[in-house]
Protein chains: 2
Amino acid sequence: MLIEEMHPATAELRLPKVLAALADPARLLTVRALHRAGESACTRLQQAAGLTISRSTFSHHQRVLREAGVIQVRVRGSERILSLRRDDLDACFPGLLDAVLGTAPEHIGS
Amino acid sequence: MLIEEMHPATAELRLPKVLAALADPARLLTVRALHRAGESACTRLQQAAGLTISRSTFSHHQRVLREAGVIQVRVRGSERILSLRRDDLDACFPGLLDAVLGTAPEHIGS
DNA sequence: CGTACTGTTCGATGATTATCGACGTGTTCG
DNA sequence: CGAACACGTCGATAATCATCGAACAGTACG
């Protein structure tokens with residue numbers, strides 16, 4: 001059974017949903033790691049982000065980011081390659097992603 | 001009984017907490033209305049933001065914004081005057097507030 | 001003092017969410 | 001084909017959260 005990967009159109013992006021997606025520490029680290037890596041498969045990205053959560057939890061976070069329009073997923077073989085929707089985010093929320101990516105580490109952690 | 005109003009220091013501001021505070025539609029509208037008004041008391045601000053929620057709920061939102069470091073509260077007579085902590089936010093998260101305030105209305109609503 | 005106004009605090013409640021393990025599905029490779 | 005790998009989905013659980021009304025506290029004003 002092929003399940004269509006949900007990717008909201010650019011015009012459908014909503015700020016509260018994007019902010020909620022970025023507000024979770026695990027997802028925020030994921031996005032920042034994804035920015036450094038350019039693009040990456042799930043397991044590799046989870047390691048790059050330094051997340052020790054279970055795979056099912058990471059899958060959940062990946063879904064939240066995708067449904068908010070923050071990341072994009074494409075399939076390559078048995079892997080899912082994740083990448084930032086940089087252009088779409090910049091078009092809808094100019095400066096937001098840059099602000100999130102540019103924030104100093106001391107203002108990220110607890 | 002004087003209750004100390006909780007205002008985190010600038011160095012204590014954390015991005016996930018700020019994003020979570022801004023992620024709620026009511027709070028997002030509040031912040032944007034506060035930007036337009038400059039500063040405002042609770043009831044007036046709630047009206048300016050077009051929020052039809054109860055006063056206790058608005059009080060809750062105001063607390064979340066304050067504890068995240070997004071807004072500032074000072075007492076004037078029987079009123080509480082709310083204002084944005086613009087300089088502190090700009091210092092910790094350059095461009096973030098501008099992005100949130102500058103987002104077009106069609107990407108705010110549902 | 002008593003009334004009106006402004007706003008907070010206190011449960012209570014229903015909704016959302018982060019997390020996990022178990023299982024299923026598609027892919028690659030021997 | 002069969003094993004190993006990469007992920008997603010399901011159901012459950014515990015925690016967090018948005019919301020409300022009722023009660024409370026401080027201020028202004030007659």
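Letters A, B, ... are given to chains in the order of the sequence lines, protein chains preceding strands, and every chain is numbered from 1.
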For B:Ile81 and A:Gly77, take the nucleotide of DNA chain C holding the closest heavy atom to each; which residue's nucleotide lies nearer the 5' end? B:Ile81

With a non-hydrogen cut-off below 4.0 angstrom, is B:Arg55 in contact with a base, only sugar-phosphate, or nothing? base

Sub-3.5 Å donor-acceptor pair from the side chain of B:Arg32 to the main-chain atoms of B:Thr103, do we have one? yes

Counting any heavy atom closer than 4.0 Å, what does A:His60 reach on the DNA or RNA strands: base, sugar-phosphate only, or nothing? base

I want to verify a distance call: between C:dT19, C:dG7, D:dC7, whose nearest atom is closest to the A:Glu79 side chain? D:dC7

Nearest of D:dC7, C:dT8, D:dC20 to any side-chain atom of B:Ser54? D:dC20

Any side-chain heavy-atom pair of B:His61 and B:Thr30 under 4.5 Å: no

If each of A:Ala20 and B:Cys42 is mapped to the nucleotide of DNA chain C with the nearest heavy atom, which maps nearer the 5' terminus, i.e. the 5' end? B:Cys42

Whole-Å distance, A:Leu29 CG to C:dA18 P, equals 14 Å

Answer yes or no: is there a donor N or O on one side and an acceptor on the other, between the side chain of B:Glu5 and the main chain of B:Gln72, under 3.5 Å? no

As a test of reading the structure: which of C:dT8, D:dC20, C:dA18 is closest to the side chain of B:Thr57, going by heavy atoms? D:dC20

Would you say A:Gln62 reaches D:dC7's phosphate, i.e. side-chain N/O to OP1/OP2 under 4.0 Å? no

Could you tell me how far apart A:Leu45 (CG) and D:dA6 (P) are, to the nearest whole angstrom? 14 Å

Would you indicate, yes or no, if D:dA6 has its OP1 or OP2 atom less than 4.0 angstrom from a side-chain nitrogen or oxygen of A:Ser78? no

If I take atom CZ in residue B:Arg27 and atom P in nucleotide D:dA18, what distance separates them, rounded to the nearest angstrom? 4 Å

Polar side-chain atom of A:Ser59 near backbone of A:Arg55 as donor-acceptor pair, under 3.5 Å: no

Using modelled atom types only, decide if a donor and an acceptor are shared between the side chain of A:His35 and the backbone of A:Asp98 within a distance under 3.5 Å. no

Rounded to the nearest Å, what distance is computed from the CD atom of residue B:Gln46 to the P atom of nucleotide D:dC20? 9 Å

Ignoring the backbone of A:Ser59, work out which of C:dT6, D:dC20, D:dT9 is nearest its side chain. D:dT9

Measure from the side-chain heavy atoms of B:Ser56 and tell me the nearest of D:dG26, C:dG7, D:dG21. D:dG21

A:Leu82 CG to D:dG8 C1': how many Å, rounded? 13 Å

When you check the phosphate oxygens OP1 and OP2 of C:dG7, does a side-chain N or O of B:Arg63 lie under 4.0 Å from one of them? no

Okay, side chain of A:Glu12, backbone of A:His7: is any donor-acceptor separation there less than 3.5 Å? no

Once you apply a heavy-atom cut-off of 4.0 Å, does B:Ala26 come out as touching a base, just sugar-phosphate, or nothing? nothing

Nearest-Å distance, CZ (A:Arg44) to C1' (D:dA6)? 13 Å

A:Arg74 CZ to D:dA6 P, straight-line distance once rounded to whole Å: 17 Å

What is the distance, to the nearest angstrom, from the CD atom on A:Glu67 to the P atom on D:dG8? 12 Å

